[in-house]
Number of protein chains: 2
Amino acid sequence: MTTPEKSHAGPLLRGEVLSPGCPSRRLLGDITSKWGVLVLISLSRGPLRWSGLLRAIGGISEKMLAQTLRTFEADGLVLRDARPVVPPHVVYSLTADGRRVTDLLLPLVEWAQDHVTPVPGAEPDGER
Amino acid sequence: MTTPEKSHAGPLLRGEVLSPGCPSRRLLGDITSKWGVLVLISLSRGPLRWSGLLRAIGGISEKMLAQTLRTFEADGLVLRDARPVVPPHVVYSLTADGRRVTDLLLPLVEWAQDHVTPVPGAEPDGER
DNA sequence: CAGGATCCGCCCGGATACTG
DNA sequence: CAGTATCCGGGCGGATCCTG
């Protein structure tokens, strides 16, 4: 007895991420986390230092920046280049994987920036 | 890596989202929220009912599903079609905007699914 | 079947202080 | 300059019960 919805399964998604225990959820969570996406797009324009990131991302705390960067290092998305000089000099940049992810992320961010305001149910052509 | 870097420093991003008060952060947060992305990709294969969504997304609670759906309705990404029949019949589907966002989201999810594991220097899934 | 309301634990995330 | 360590409050999110 089945009255299933018309869910024509597309070949686009394997659907593993929909399973509760799938590890891809963690990685996806890292990428799409509140500060994670902002860190990635900040690095999309080129390498930045700690203080540069802190200044680029408005409102982020030191704790969250450090935590996000460490997570991305472990995920292999961000590279940490530290030089043992007297005034410490550390540069963060995207790895190849990180750049790939960020390229996928940027259109989404741009869409969000382009779609702020519209009232629910209203057309993009607001004529009010 | 000897590839000349010339493509990742473009003026692709206006950077408004990096400002603490930018409203686009909220919309972006909705889209990239833990359950939000799973709801969107679940609807990418076609309309689903409440119970269908609940079954499709492993681990989601009723509260989070309701909250996420209401947020997406307000954002104009998801359409709620309720029919006043004796056994209530409610169908959720993506709006045009919702489909656009989901199309941008899917590659990211697929990338995450394709890149689970390789974490250089990290312990392989430590769960006792 | 589709949701609202409520209680509450837990962890995210901010502020501050300290270090190399 | 580039972080780490610690405290702690707010809210995210889960479980349960109730309604139309």
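Just so we're on the same page: letters track the sequence lines, and every chain starts at 1. Treat the numbers as computed from the prediction; the structure is a model and nothing was measured.
Rounded to 10°, the angle separating the first-five-pair axis and the last-five-pair axis of the helix from C:dC1-D:dG20 to C:dG20-D:dC1 equals 50°.
A donor-acceptor pair is defined here as one N or O able to donate and one able to accept, closer than 3.5 Å; no such pair exists between the side chain of A:S19 and the backbone of A:C22. With hydrogens and angles ignored, the 3.5 Å screen pairs no side-chain donor or acceptor of B:R49 with any backbone N or O of B:Y92. Judged purely by atom type and a 3.5 angstrom limit, B:T102 has no side-chain atom pairing as donor or acceptor with the backbone of B:L105. A:R83 places no side-chain N or O within 3.5 Å of a backbone atom of A:V90 that could act as its donor or acceptor partner.
Interface limits on DNA chain D: the 5'-most and 3'-most nucleotides within less than 4.0 Å of chain A heavy atoms are D:dC1 to D:dC7.
Between A:D75 and A:L27 there is a side-chain heavy-atom pair separated by less than 4.5 Å.
Between B:R83 and C:dA2 there is no side-chain polar atom (N or O) within less than 4.0 angstrom of OP1 or OP2. OP1 or OP2 of C:dG3 has at least one side-chain nitrogen or oxygen of B:R80 nearer than 4.0 Å.
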inquiry  = One pair to check against side chain to side chain contact (heavy atoms under 4.5 Å, CB included): B:S93 and B:V78. What are the steps and the verdict?
reply    = CA-CA 6 Å; B:S93 58; B:V78 164; over 6 Å; no

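In this structure B:R99 satisfies the side chain to side chain donor-acceptor pair (under 3.5 Å) test with no other residue, sequence neighbours excluded. For the side chain to side chain donor-acceptor pair (under 3.5 Å) test, no residue two or more places apart in sequence or in another chain qualifies with A:R100.
Considering A:L43, A:L79, A:V39 in turn, A:L43 is the only one that fulfils the side chain to side chain contact (heavy atoms under 4.5 Å, CB included) rule with A:L94.
Taking atom CZ of residue B:R70 and atom C1' of nucleotide C:dG3, one finds them 9 Å apart after rounding to whole Å.
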note = In B/S/- notation (B base, S sugar-phosphate only, - none; protein heavy atoms under 4.0 Å), nucleotides 5-20 of chain C written 5' to 3' is -BB-----BBB-B--B

Listing, residues 65-72 of chain A side-chain donor-acceptor contacts under 3.5 Å, not counting sequence neighbours, or none:
{"from": "A:T68", "atom 1": "OG1", "to": "A:M64", "atom 2": "O", "distance (Å)": "2.6"}
{"from": "A:T71", "atom 1": "OG1", "to": "A:Q67", "atom 2": "O", "distance (Å)": "2.9"}

